[in-house]
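Atom set for the values below is all heavy atoms of this structure, side chains included, hydrogens, waters and symmetry mates excluded. Throughout, a chain's letter reflects where its sequence line sits, starting with A, and its residues are numbered from 1.
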Protein chains: 2
Amino acid sequence: MWEPPKPFTILNRGLIEAAAALLEEGGPAAVTLREVGRRVGVSHNAPYKHFADKEELLAAVAAAELRRGRDSVLRLRRGHAAVEAVRLMLHAYAREAIRHPEMFRLTYGPWRNGSAELASAADDARASLVQSVTAAQADGELPAGDPERLTALLLALAHGASDLALSGHLARKGKGHADPADLIDDLLAQLTAH
Amino acid sequence: MWEPPKPFTILNRGLIEAAAALLEEGGPAAVTLREVGRRVGVSHNAPYKHFADKEELLAAVAAAELRRGRDSVLRLRRGHAAVEAVRLMLHAYAREAIRHPEMFRLTYGPWRNGSAELASAADDARASLVQSVTAAQADGELPAGDPERLTALLLALAHGASDLALSGHLARKGKGHADPADLIDDLLAQLTAH
DNA sequence: ACCTGAACACCGTTCAAGT
DNA sequence: ACCTGAACACCGTTCAAGT
């Protein structure tokens with residue numbers, strides 16, 4: 001079942017970057033293998049020598065983004081108290097979602113073939129957050145309990161607020177006007193004032 | 001700018017129902033105008049006399065689903081204490097998301113042309129939830145504060161937990177094993193024990 | 001007014017052939 | 001081993017023509 005990861009050739013990386021750029025510009029429908037090939041300077045079906053199909057190319061784009069997210073989370077852990085690191089991580093999550101909606105939707109979208117590479121990149125990113133949550137609990141800044149479950153609560157709120165904001169379903173247009181960052185702070189305030 | 005809603009002809013309703021069935025069976029890609037037409041018994045471009053394009057047909061599917069959601073929310077308000085109604089509404093939200101992933105993703109997905117019909121259906125559904133939240137606040141069962149914002153917090157969590165569960169990003173496979181319903185109850189417990 | 005069949009442009013994927 | 005060009009099946013959309 002398990003396959004060793006292919007080496008990252010120059011072309012491989014170029015295809016992923018071209019696909020990511022097209023995704024950002026016009027969504028998944030704009031990521032055509034013909035345009036990807038054209039931008040990299042190969043024929044429209046050269047990608048098939050590196051990826052089984054279009055979905056696998058997009059999965060590689062998503063995995064690269066998840067690795068970037070994990071590295072960003074690791075950077076935030078240094079130089080901040082644990083609970084503040086958690087707050088900054090969740091804010092960064094929402095900020096990136098709003099700034100790059102197409103990448104956000106791709107990364108957390110539906111994957112028919114559960115790529116192992118994708119799953120492990122996501123696990124790594126979440127594990128960093130779990131560590132900071134655990135440290136914040138040890139500091140008495142977050143309520144005790146299963147840290148995985150508390151992390152899931154925090155992540156679910158940050159994710160849901162971001163996704164609803166993107167689709168315009170977060171609040172009525174004139175009213176309230178709470179953005180994802182506000183809701184993250186609301187939840188943390190409720191959790192710290194227990 | 002504003003256009004009067006077209007009358008709901010038999011064919012119109014049939015097209016929407018056929019599109020919804022195809023969506024459930026195989027996602028948005030399976031909703032081809034050719035197959036929709038075939039199931040209803042018309043040619044593959046008869047739908048263009050009722051909807052400007054494929055996206056407008058899918059928007060009508062989403063709007064119908066949002067209206068169903070609003071009616072379901074209204075039913076839950078009767079016969080329950082306010083805070084319990086809120087809890088049941090959020091649980092129903094997550095249950096429907098898990099049971100009908102494609103419809104969930106469509107309903108809360110990206111809409112390039114902000115259909116007024118879609119927006120008002122969503123506003124109606126959320127307004128019912130806001131009313132129950134307000135009543136629960138008056139009962140002293142939920143913390144005081146802007147009810148729109150508190151509703152956004154609750155909805156964002158239910159939405160995010162559902163969406164992450166669907167994409168398998170809610171928690172590591174073996175660990176924690178919190179499902180959306182658990183997280184909803186966790187949040188409500190934190191809010192009521194203030 | 002509403003529908004049909006043909007046609008167009010486009011895309012993912014396959015394949016025989018090249019180096 | 002990797003790439004190319006042609007080809008296939010499919011789809012959204014348009015359009016001239018029918019009733």
Pairs flagged by ring pair (Phe, Tyr, Trp, His ring centres under 6.0 Å) wherever residues 10-43 of chain B is involved - sequence neighbours left out: none
Toward the 5' end of DNA chain D, by each residue's nearest nucleotide, A:H44 or B:A29: A:H44
salt_bridge(B:E84, B:R87) N-O dist < 4.0 Å: yes
Residues A:D185 and A:H91: side-chain donor-acceptor under 3.5 angstrom: yes
Nucleotide range of DNA chain D lying under 4.0 Å from chain B heavy atoms: D:dC11 to D:dC15
Pairing of B:R68 and B:D71 as salt bridge, 4.0 angstrom limit: no
Touch class at under 4.0 angstrom, heavy-atom based, for A:V31 against every strand present: sugar-phosphate
Qualifying ring pair (Phe, Tyr, Trp, His ring centres under 6.0 Å) pairs with a residue from residues 145-164 of chain A, counting only residues at least two apart or across chains: A:F104-A:H159, A:Y108-A:H159
Any pair counted as salt bridge (charged side-chain N to carboxylate O under 4.0 Å, His left out), so long as it reaches residues 16-36 of chain B, sequence neighbours left out: B:E25-B:R39, B:E35-B:R38, B:E35-B:R39
Side-chain heavy-atom pair A:L90, A:L187 within 4.5 angstrom cut-off: no
Below 3.5 Å, can you tabulate the donor-acceptor pairs from side chains in residues 72-79 of chain A to any protein atom, sequence neighbours excluded?
{"residue": "A:R77", "atom": "NH1", "partner": "A:Q131", "partner atom": "OE1", "Å": "3.2"}
{"residue": "A:R77", "atom": "NH2", "partner": "A:Q131", "partner atom": "OE1", "Å": "2.8"}

Dot-bracket notation for DNA chain C, counting Watson-Crick and G-U pairs under 3.5 Å, with | for partners on another strand: ||.|||||...|||||.||
